[in-house]
Amino acid sequence: MDHVMTLIAAACAATLAALSLLAAYQWLLAAASVFGERPLPEHGQSGQTRFLVLVPAHDEEAGLPATLRSLDALDYAVDRYQVVVVADRCADRTAAAARRGGALCLEREGGPAGKGAAIAWALDTLSGLSAPFDAVVVLDADTLAHPGLLAAFERGLRAGHQVQQGYNDLANPWESAFTRVIAVTSTLRNRLFYGGKARLGLSAMLTGTGMCFARALLERHRWDAFSVGEDWEFSASLLLHGERIRFNRDAKVFARESRGFRQASPQRLRWASGRHAVAATGGRALLAAGVRQRSLALCDAALTLAAPTYSVQAALALGCLALAAVAPGGAARPWLAPWAAGVTALLALYFLAGAALTAAPLRALGGIALIPAFLPWRVAVEVLGLLGYGRGRWVRTRRLPAAR
């Protein structure tokens with residue numbers, strides 16, 4: 001029994017050591033983000049960049065009209081951007097909805113499944129048509145664009161940032177206890193984590209929607225990411241080729257979040273599976289290149305890919321705290337329990353900081369009651385994703401149309 005408890009104490013100590021470093025790293029980024037990004041310098045006349053807004057859509061007839069209406073309301077010259085919907089192997093009337101909304105619609109009937117394949121096909125098709133554009137913005141068909149989206153991306157492009165990731169916010173943050181928790185974790189990820197990276201000059205990662213690419217970059221690096229984690233995959237590819245992904249906190253998009261576990265599970269499983277698959281290959285390659293080139297940015301990107309999510313960190317800290325509390329007396333318990341309590345407190349305060357930075361902190365805290373169920377669910381999703389579940393057929397997340 002003593003031998004077993006020694007092994008458990010050693011495992012807890014190793015876990016807490018890793019969590020301590022991650023917590024310190026996250027708090028460092030949070031502290032950096034408080035000072036805000038360095039203002040982007042003005043270069044040349046604004047409103048001159050020609051944008052192609054690409055909207056991949058698979059059976060999105062219901063949600064697409066709201067997305068197109070938000071793009072119609074952009075605070076940008078209408079003759080300087082073109083909205084193109086990729087109706088990808090649709091069984092509904094997505095193409096008709098796209099044309100009713102005033103978008104150019106490309107219908108893809110065959111070829112491999114997946115968003116990455118649809119993006120690559122659309123870019124090749126549009127290049128063949130000699131479409132006049134200077135940059136491409138990719139927006140999901142269930143996402144709303146902030147009116148200043150293209151203006152913010154243009155400022156980034158004029159400052160020399162050829163790859164940008166926008167701020168992915170929620171369109172329905174207060175709809176349920178589940179969306180309130182996600183509203184907080186979204187703030188942690190965008191404002192504190194990636195906001196801190198931007199302040200320190202570190203690279204962000206692409207997150208699938210609200211992405212901007214200069215045409216010159218796409219001509220240098222053809223879209224070649226076709227896995228279920230196409231955003232992570234393309235991120236790793238770009239970084240390994242010496243590009244830098246700039247987080248642009250002013251370029252905001254709003255996605256409609258699932259209301260609960262049942263709706264969210266297929267999507268989160270797909271994301272987790274895709275990230276773990278990319279981490280197994282791209283993460284190792286980024287770390288090796290970072291060590292070889294003595295590049296802090298590449299090593300940081302490898303850590304971003306490989307590190308457990310905030311929710312998994314919190315679950316592991318609570319697990320260590322519980323084990324320390326119930327373990328029989330011995331040499332390990334006096335130092336293990338305070339250590340676990342300290343790490344748990346750091347992560348809890350980090351969550352509270354995120355809640356305080358949301359638009360409605362008290363409403364955000366209304367999701368706390370769901371955390372005892374939320375954390376085990378997130379751990380289960382990550383474990384299943386690590387085992388490869390979710391890398392097969394893509395299944396659309398079913399939810400109501402986006403609305404604000």
Side-chain angles (χ1 to χ4, degrees), residues 22-23 25-37 66 70 139-140 142-149 152 165-199 204-205 207-210 247-261 263-264 267-268 271 304 308-315 317-318 344-375 377-378 397 399-400 402-404:
L22 284 173
Y25 168 68
Q26 288 162 176
W27 272 108
L28 172 65
L29 294 178
S33 73
V34 169
F35 298 99
E37 289 190 56
S70 76
L139 195 72
D140 281 353
D142 59 356
T143 303
L144 305 178
H146 185 278
L149 179 70
Q165 174 58 57
Y167 189 123
N168 288 345
D169 213 338
L170 272 65
N172 58 330
W174 320 123
E175 188 173 359
S176 67
F178 183 86
T179 62
R180 293 178 188 212
V181 175
I182 298 298
V184 176
T185 59
S186 175
T187 300
L188 295 178
R189 182 178 64 253
N190 285 281
R191 185 161 178 179
L192 298 186
F193 189 73
Y194 283 129
K197 282 177 177 284
R199 185 66 178 87
M205 289 287 182
T207 58
T209 187
F247 175 69
N248 190 331
R249 66 187 299 173
D250 296 325
K252 290 190 175 183
V253 297
F254 305 87
R256 185 169 182 84
E257 182 55 69
S258 301
R259 296 188 71 255
F261 297 121
Q263 285 182 318
Q267 180 191 61
R268 290 312 198 281
W271 291 353
T304 302
T309 65
Y310 166 77
S311 298
V312 172
Q313 293 175 45
L318 286 169
T344 302
L346 276 177
L347 293 171
L349 288 172
Y350 189 61
F351 182 89
L352 292 176
L357 291 170
T358 63
L362 292 180
R363 298 179 78 179
L365 292 176
I368 287 180
L370 189 67
I371 288 178
F374 185 89
L375 292 183
W377 171 75
R378 285 298 289 135
T397 303
R399 47 185 167 242
L400 296 174
R404 288 178 63 201

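For clarity, every value in this text was computed on a predicted model and none was experimentally measured. Hydrogens, waters and symmetry mates play no part in the numbers below; they use all other heavy atoms, side chains included.
Of all heavy-atom pairs spanning A171 and P173, the tightest one is C-CD, 3.4 Å. What you find for S311 and F374 is that their closest heavy atoms are OG-CE2, 3.4 Å. V184 and G354 make their closest contact through CG1-C, 3.9 Å (heavy atoms, listed as atom of the first residue, atom of the second, distance). When all heavy atoms of A177 and L370 are compared, the closest pair comes out as C-CD2, 3.8 Å. A356 approaches P361 most closely through the heavy-atom pair O-CG, 3.5 Å. Nearest heavy-atom pair, G166 versus N190, reported as atom, atom and distance to 0.1 Å: O-OD1, 4.2 Å.
When side chains are defined from C-beta on, L347 does not count as touching T344, because their heavy atoms never get closer than 4.5 Å. Taking 4.5 Å as the limit, some side-chain heavy atom of K197 sits within range of a side-chain heavy atom of T304. Looking only at side-chain heavy atoms (C-beta outward), L352 and L365 come within less than 4.5 Å of each other. Inter-residue side-chain proximity for M205 and Y194 is flagged as met; some heavy-atom pair is nearer than 4.5 Å.
Note: F178 and W377 have perpendicular aromatic rings, judged against thresholds of 30 and 60 degrees for the angle between ring planes. The aromatic rings of Y167 and F247 sit tilted, their planes meeting at an angle between 30° and 60°.
Between the W174 side chain and the A360 main chain, no donor and acceptor come within less than 3.5 Å of each other. Judged purely by atom type and a 3.5 angstrom limit, T143 has no side-chain atom pairing as donor or acceptor with the backbone of L139. In this structure, T209 contributes its side chain and D140 its backbone to a donor-acceptor pair below 3.5 Å. Counting only distance, with no hydrogens or angles, the side chain of N172 and the backbone of E257 share a donor-acceptor pair below 3.5 Å. Put simply, the side chain of Q313 never gets that close to the backbone of A23: no donor and acceptor are under 3.5 Å apart. Looking at R363, its side chain never comes within 3.5 Å of a backbone N or O of R180 through a donor-acceptor pair. In terms of modelled atom types and a separation under 3.5 Å, the side chain of T187 and the main chain of A183 share a donor-acceptor contact. Put simply, the side chain of N248 gets close to the backbone of A152: a donor and an acceptor are under 3.5 Å apart. A side-chain donor-acceptor contact under 3.5 Å links S186 to the backbone of N168.
For the atom pair OG1 (T185) and OH (Y310), the distance works out to 9.5 Å, reported to the nearest 0.5 Å. The distance from atom CG of D169 to atom CZ of R189, rounded to the nearest 0.5 Å, is 9.5 Å.
With 3.5 Å as the limit, one finds a donor-acceptor pair spanning the side chains of T207 and Q165.
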